[in-house]
Student: 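One structure follows; several queries about it will come next.
Model, not experiment: these values are computed from the prediction.
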Amino acid sequence: MSQPLPPGQREIPSFPRFGLTRFAYRFPPKTTRPALDVTGEVANDLHLADALAGLPRVEHRSDFHCVTTWSRRALRWGGVRFVDFYEQVVVPRVCPSPTATLVALRGHDGARTALLLADLLAPDVLLADQLDGRPLGVDHGAPLRLIAPQHYGYKSVKHLARMEFRHPDADYPVSGFRFMDHPRARVALEERGRGVPGWLLRVAYRPLIPGTVARFARAMADHGEGASTDGDGVAPPEAH
Ligand SMILES: Nc1nc2c(c(=O)[nH]1)N[C@H]1C(S)=C(S)[C@@H](COP(=O)(O)O)O[C@H]1N2
Ligand SMILES: [Mo]
């Protein structure tokens, strides 16, 4: 069952490709292999050719909330729980320092943010390579993305390329201006940005949605691929 929408959010009739407009025309290398680098304050750097290989697969339905106030309900993601990846790959093979409790994330398009390790270990956080039973399209983060449903969408990095384990005081790089990246960005608490009240960003961001959606859709069309899912503005039939 869907949760009531968090404060300041409104449901949108499609699931658009979205982000800061400077990422609209940046696409990951054409590959289906979810390669991933794991580095930082660790005993061993690790390059994985297939990040999810050998790990237990799950499907998990969750609502998705963009900081600009649009929400999309009940998306069915497939992949591996972050906690399983952490316990079965990171701990034994990478061995992060016990004080490295912040995880900086980077996408192939250059998008950057970070989440606390404690937040990533929640059971609803996935490393996802499928959406609605199909391989992720380039519009929604192929070949591999993070999904952290309790945090604003900018924490759910698409085209995931690298994760770095760092000390929580480390000044991790972010995609936009610093005020746009709250360290935790919990939707339930309306932590939209850093040092700016949530309601103010709500009002400031909302008018940007149509132009951003249009720009990302145009870039996708220019890139020569149609949207892989319901990004065309038509809501899919409900399962029940
Ligand atoms: N690599 C990367 N990850 C990203 C973004 C991006 O532009 N590039 N945009 C973020 C934002 S602001 C949102 S709301 C979601 C959008 O995901 P979608 O394009 O699958 O709807 O991805 C987030 N992760
Ligand atoms: Mo977003």
Side-chain angles (χ1 to χ4, degrees), residues 5-12 15-28 62-73 75 77 82 102-120 122 124-128 131 136 138-142 144-164 166 168 170-213 215-216 219 231:
L5 283 179
Q9 295 299 114
R10 293 179 185 171
E11 202 168 348
I12 198 170
F15 183 37
R17 176 173 179 254
F18 204 86
L20 289 178
T21 50
R22 70 187 166 93
F23 295 118
Y25 277 88
R26 294 197 206 160
F27 292 90
S62 53
D63 297 347
F64 190 93
H65 309 291
C66 173
V67 72
T68 61
T69 72
W70 63 261
S71 290
R72 183 77 184 148
R73 287 188 190 263
L75 294 170
W77 300 100
F82 182 90
L102 179 82
V103 185
L105 305 161
R106 187 167 65 78
H108 280 293
D109 57 355
R112 291 165 179 272
T113 186
L115 273 165
L116 296 181
L117 177 59
D119 285 336
L120 285 166
D124 59 356
V125 176
L126 301 193
L127 290 171
L131 172 60
L136 271 189
V138 77
D139 49 347
H140 292 303
L144 184 70
R145 79 177 296 170
L146 189 78
I147 285 297
Q150 296 176 52
H151 306 265
Y152 285 113
Y154 60 83
K155 296 294 189 182
S156 290
V157 174
K158 296 187 280 189
H159 325 300
L160 190 61
R162 188 167 70 177
M163 58 175 73
E164 280 178 53
R166 298 196 183 183
D171 195 17
Y172 63 87
V174 298
S175 291
F177 296 108
R178 189 138 289 271
F179 79 85
M180 299 167 84
D181 190 291
H182 188 282
R184 299 193 69 189
R186 288 168 293 183
V187 295
L189 300 180
E190 208 173 351
E191 293 170 336
R192 291 183 197 272
R194 187 184 300 229
V196 188
W199 65 265
L200 184 58
L201 291 179
R202 202 198 278 191
V203 173
Y205 286 157
R206 189 169 280 152
L208 307 176
I209 297 172
T212 305
V213 170
R215 187 172 175 80
F216 271 79

Student: With sequence neighbours excluded, what pairs up with Ile12 under the side-chain contact (heavy atoms from CB on, under 4.5 Å) test?
Tutor: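 Listed in chain order: Pro16, Trp70, Arg72.
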
Student: Assess whether a salt bridge exists between Arg184 and Asp119, defined as any Lys/Arg side-chain N lying under 4.0 Å from an Asp/Glu carboxylate O.
Tutor: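 A salt bridge links Arg184 with Asp119.
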
Student: Answer yes or no: is there a side-chain heavy-atom contact under 4.5 Å between Leu131 and Leu75?
Tutor: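 Sidechains of Leu75 and Leu131: in contact.
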
Student: Using the test side-chain hydrogen bond (donor to acceptor under 3.5 Å, both in side chains), find all partners of Arg112 that sit at least two apart in sequence or belong to another chain.
Tutor: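 So Arg112 forms no side-chain hydrogen bond (donor to acceptor under 3.5 Å, both in side chains) with any residue.
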
Student: Please give me the minimum heavy-atom distance between Gln9 and His65, naming the atom from each residue.
Tutor: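 Result for this residue pair: NE2-CB, 3.7 Å.
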
Student: Please check if the side chain of Arg106 supplies one atom and the backbone of Ala161 the other of a donor-acceptor pair under 3.5 Å.
Tutor: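 No.
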
Student: Using the ring of each side chain (for Trp, its six-membered ring), is Phe18 parallel, tilted or perpendicular to Phe216, with breaks at 30° and 60°?
Tutor: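 Parallel, since the angle between the ring planes stays under 30°.
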
Student: Per the side-chain hydrogen bond (donor to acceptor under 3.5 Å, both in side chains) rule, what does the pair list look like for residues 146-155, sequence neighbours excluded?
Tutor: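 Those involving residues 146-155 are Thr113-Lys155, Asp124-Gln150, Lys155-Asp181.
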
Student: Determine whether a donor-acceptor pair (N or O, by modelled atom type, separation under 3.5 Å) exists between the side chain of Ser156 and the backbone of Ala148.
Tutor: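 Indeed, once roles are kept as given, a pair shorter than 3.5 Å links the two residues.
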
Student: Looking at every heavy atom in both Leu146 and Leu115, which two are closest together, and how far apart are they?
Tutor: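 The answer is CD2-CD1, 3.8 Å.
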
Student: Are side-chain heavy atoms of Phe64 and Ile147 found at a separation under 4.5 Å?
Tutor: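 Side-chain contact under 4.5 Å: yes.
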
Student: Check for me whether Arg178 meets the cation-pi criterion with Tyr172, that is, NZ or CZ under 6.0 Å from the six-membered ring centre and within 45 degrees of the ring axis.
Tutor: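 Yes; both conditions hold, so Arg178 lies above the ring face of Tyr172.
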
